[in-house]
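Per chain, numbering begins at 1; letters A, B, ... match sequence-line order.
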Amino acid sequence: MTDPHAPALVCQNVSVTYGPVTALEAVSTAFDAGLIHAVVGQNGAGKTTFARVASGLVRPSGGHVAINGHVMRGGNVSAARAAGVELVHQSFALPPSFTVAEAMEFGATGAGRFFTRSSLFARWRPHLESLDISVDLGARIRDLPVETQQGIEIARALVTQAKVLILDEPTAVLSPSGIEKLFERVRRLKAQGVTVLLILHKIREVLAIADTVTVLRAGRLVEGPLMTTDVDGERLSRLIIGDASRGLAAVDAQALTGAGTVEHGPTDAKPVTAAPVLKLSSITTFGDPEGPALQDVDFEVRPGEIVGIAGVEGNGQRTLVRLIADFAKASRGGVYLGGHDINTQPLAQRRSKGLRIIPFERNTEGLSLSSSLWENWTARALLEKPLLRLVNPALLRSECDAALKAWGVRYDNVAQKAGALSGGNAQKVILSREIDRDAKLIIAAQPTRGLDIGATAFVWDALRQARDRGCGIILISSDLDELFDISDRVNVMLAGRIVGTFTAPYDMNAVGAAMIGAS
Amino acid sequence: MIARVTHILRSLIFVIFALILCSLVFQIAGYSASTVLTNVADGAFLRPGALAQSLRWALPLFITAVGVGVSFRAGYFNIGAQGQFYVGSICAAFVAEWLSGAPAFVVIPACLFAGMAGGAFWALWPGYLRIRSGTDEVITTLMGNFMAGLLLVYVTSGPLKDPSGSGQQASSRPLEAAYRISTSSGLSVTIVAIAVAVGLAMWLLVNRTTFGMLASLAGRNPVMVRWQGALLWKLGITSFLLSGALAGLAGTIEFLGPNGRIASGFLPAHGFTAILIALVANFSVAGTAITALFFGGLASAALYLPVMAGLPSAAIDVINASIALFITARSKLLDKVLRIGGHSS
């Protein structure tokens, strides 16, 4: 019997480098057995790398990781599994077309055996029940709600009797009530003696669940593990943000770290009375490859307001954007941009009426990573011209240079490939292209996903400034803190419908309930 | 600018690798590599009159290759240049037959136009299938090559058959001298002028117009261009039409100029050499001009080797094939390098 308070996981001077990029630098820390530990930090702080190296998935380029006093070589999943550590990934790794039973079996045993449905069911039902996951074992993974998928991921990770379970940002995909369920589950695991390491980025969640907290910033250990009873939200917030907190509005800092109740951010907006810049009237769409069809959606955006769209991912947010961008087709209802019926107009014409889109997928829909910055930047302007119009690349390059400088993009020269920029800089290139003087309606789809605090605050300010200039803005986000901070109104989407509209002051519980259809 | 120079240098390095590989093959086959290569250089450029011969081959190749570059840039692998070249020449031959007796200033432009239209048509249907229903254009354009080849056999042994032909190779009746744009030597002011005009126009289109910029952006990432509001089918069909028209134009030039007739299976490697040229030049118009001259030189050396040096003309095929090998390896290698770079960032 080992000492119950001996560290279950020890990192000794762990460094990880990817090519020229240092993701973790000399991190030394130890996590006691039988507790729930949180690791927090902003995007790009090295949290996911930490999860990967701690779970033995990635071999550290310096230092070592030990599980229960046993040093892992790293880079070998089965060895890590044997050592008793399991990782549940941020983006789920279950095959979507598998049934629950198949997904549980997948990876659990070697090949070369025959399976029957009933034997699989018999094998996995007790395991899932012991973890209180009630699910039809014959259901396909893709048909399950995300909370259940995550539950199955956790169950799969626990098949091998893992002693240390690492969950990488498990709350990012969940609704508030889903998070509560997850925490219940984690507490039960703790009661069973499992050491749980949670990668989180909301202080509220850390304080709700964890026994200790460890803060990473820019690949380095800032502090930790600290007992959560000894810290408060404000201190944690300062540790996470670091120097960037200077010049950050207090309410933004709260929203960025999820330290408490987020209030609607500073605005000197007057009540908006102008005619809507976008109006959807009882829109129903055909089925869409990227999400559920919209059902009877009535929706308005007026100039000078930011309308937030909340919802668990995959509830029609993409279809909404695709409808406005002419990729999804309405079977019924009307789409009006600035009072014009645009239902049958192609995207180019809609854009010429002032529609601008910051798409969901920054690196494919937003930018061509293998093309130069100036080509990416100039694409929108080019599309307003006839195909055979002569252009002057030198002039376009210097215009792009001026625009990118004005937006504070960090780059060497405009001929550089867009793929060479960091996420935050890449997003600024998109902003500089989409937020121009002629913009009337800006759709910002997950505009801050993956960005660090500085870049996130930058995007928020850009959207607020555009609003104050009189643009109508649709902000789609899965981060409620972000929505509450900068939206003047929040609509909640569920299964292709708008199921609730909220105004400040926002009630996290009420919005959360609407997201899962509980009223 | 520096990036462009390094790019050209990188292509050159692969050509040098290819020549080293060829030398090995020649040595193994029992020839002295240095003798073969010096004779190739002689036949291509050094011997008096060689440059003119090389240009004769280079100009039509250049025109086709520029067209191939246009479609490749836009992300469409139109490998049907050979078929489009044939269909262009067939259409021109029909028009010349129908307008026989009309003044040259009518017939020649009509032939050029018909040839371009024919080539464009032979690229249109694969383009339409690709854009409408996602049919792989590599397959359809390749099939188009075979169809065009058989069409050429039919036309030259049927409707346009030369009754006085020897029977060894079916061909059309020789074009009246008045309609020819060059003698059999194959080089004339008209052909040079057409090539220069095509080069300038395509350089302008690719580098200095909205179409050129959007098409090459779409070739690298069609999704992003669609989200900007581009109609991909417009860019795509235009690229297919242009590349087909240019191959058809090259076919017409061969018909009106050096060949003076069309024959079944004539210049069977033209389209593929043009694809190779476009790849080596990395689809840049200026690069294509230089590369076409190089490959034109090889084509002319292929005729020189057996006659003057007693060496097999297959040596040129070996050189072509080695270059193709290394160029393919280059794009694959570059892909790999880029993908690794993309992951780590």
Side-chain angles (χ1 to χ4, degrees), chain A residues 17-21 23 321-322 325-327 345-352 355-372 374-376 378-393 396 415-423 426 430 433-434, chain B residues 1-7 70 73-75 134 200-239 241-242 282-284 331 334-345:
Chain A
T17 54
Y18 295 115
V21 182
V321 177
R322 287 166 56 82
D326 190 37
F327 293 120
Q345 289 186 357
L347 177 55
Q349 234 166 315
R350 300 178 185 201
R351 276 185 170 273
S352 72
L355 172 64
R356 300 289 183 267
I357 306 168
I358 299 160
F360 282 100
E361 306 297 334
R362 190 179 308 145
N363 295 338
T364 52
E365 297 166 350
L367 291 172
S368 165
L369 297 186
S370 55
S371 303
S372 66
W374 73 276
E375 285 174 293
N376 272 295
T378 203
R380 187 181 64 75
L382 287 180
L383 272 154
E384 289 170 358
K385 296 177 180 164
L387 276 184
L388 287 179
R389 178 67 55 84
L390 285 182
V391 296
N392 178 351
L396 291 175
Q416 200 177 352
K417 301 260 186 287
L421 297 191
S422 70
I430 297 178
R433 183 181 67 204
E434 303 293 331
Chain B
M1 192 61 217
I2 291 165
R4 219 177 287 171
V5 171
T6 51
H7 216 114
V70 167
R73 259 172 184 269
L200 288 178
M202 296 315 283
W203 182 86
L204 213 58
L205 183 81
V206 164
N207 299 305
R208 290 286 185 276
T209 65
T210 324
F211 167 81
M213 294 193 50
L214 288 177
S216 62
L217 262 173
R220 276 170 260 147
N221 181 352
V223 181
M224 174 258 178
V225 183
R226 256 183 90 205
W227 277 88
Q228 288 301 312
L231 297 174
L232 289 181
W233 69 265
K234 232 182 197 176
L235 298 174
I237 285 289
T238 313
S239 305
L241 286 175
L242 271 172
N282 206 34
F283 321 133
S284 104
S331 359
L334 283 182
D335 273 359
K336 219 175 218 176
V337 170
L338 287 177
R339 215 169 295 144
I340 289 166
H343 268 309
S344 67
S345 63

With side-chain hydrogen bond (donor to acceptor under 3.5 Å, both in side chains) as the criterion, how do A:E365 and B:Q228 come out once you've worked through the C-alpha distance, each side chain's angles and the decisive distance to 0.1 Å?
CA-CA 9 Å; A:E365 297 166 350; B:Q228 288 301 312; over 6 Å; no
Evaluate side chain to side chain contact (heavy atoms under 4.5 Å, CB included) for A:L388 paired with B:L205, printing each intermediate quantity in order.
CA-CA 8 Å; A:L388 287 179; B:L205 183 81; 3.6 Å; yes
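Separation of atoms CG (B:L217) and OG (A:S370) is listed at 8.5 Å; rounding is to 0.5 Å. Interatomic distance, CG of A:L387 versus OG1 of B:T238, reported as 6.5 Å (0.5 Å rounding).
Across every non-hydrogen atom of A:R351 and B:W227, the tightest pair is NH2-O, 2.9 Å. Minimum interatomic distance between B:G229 and A:A348 (heavy atoms only, all atoms of both residues): O-CB, 3.4 Å.
Using a distance-only test at 3.5 Å, with no hydrogens or angles considered, no donor-acceptor pair links the side chain of B:N221 to the main chain of A:L369. Listed for the B:T210 side chain is a donor-acceptor partner under 3.5 Å among the backbone atoms of A:P386.
Proximity to chain B (any heavy atom under 4.5 Å) is restricted, for A:E434, to the side chain, taken from C-beta onward. At a 4.5 Å heavy-atom cutoff, the contact between A:L396 and chain B is made by side-chain atoms alone. Using a 4.5 Å cut-off between heavy atoms, A:T378 touches chain B through its side chain atoms alone. With a 4.5 Å cut-off on non-hydrogen atoms, A:N376 touches chain B through its backbone and its side chain both. Residue contact with chain B, scored on non-hydrogen atoms closer than 4.5 Å, involves the side chain of A:A325 exclusively.
B:T209 places none of its side-chain heavy atoms less than 4.5 Å from the side chain of A:R389. In this structure, B:M224 and A:T364 have side chains that are not in contact, with every pair of non-hydrogen atoms separated by 4.5 Å or more. Proximity of B:F211 to A:K385: side-chain heavy atoms (C-beta onward) are nowhere separated by under 4.5 Å. Using a 4.5 Å cut-off on side-chain heavy atoms (C-beta onward), B:R226 and A:F327 make contact.
A salt bridge (charged side-chain N to carboxylate O under 4.0 Å, His left out) check over residues 204-224 of chain B, counting only residues at least two apart or in different chains, returns the pairs A:E375-B:R220.
The most heavy-atom pairs under 4.5 Å with chain A, out of B:L231, B:V225, B:V223, come from B:V223.
Taking the side chain to side chain donor-acceptor pair (under 3.5 Å) definition, one finds that A:R433 meets it with nothing, sequence neighbours left out.
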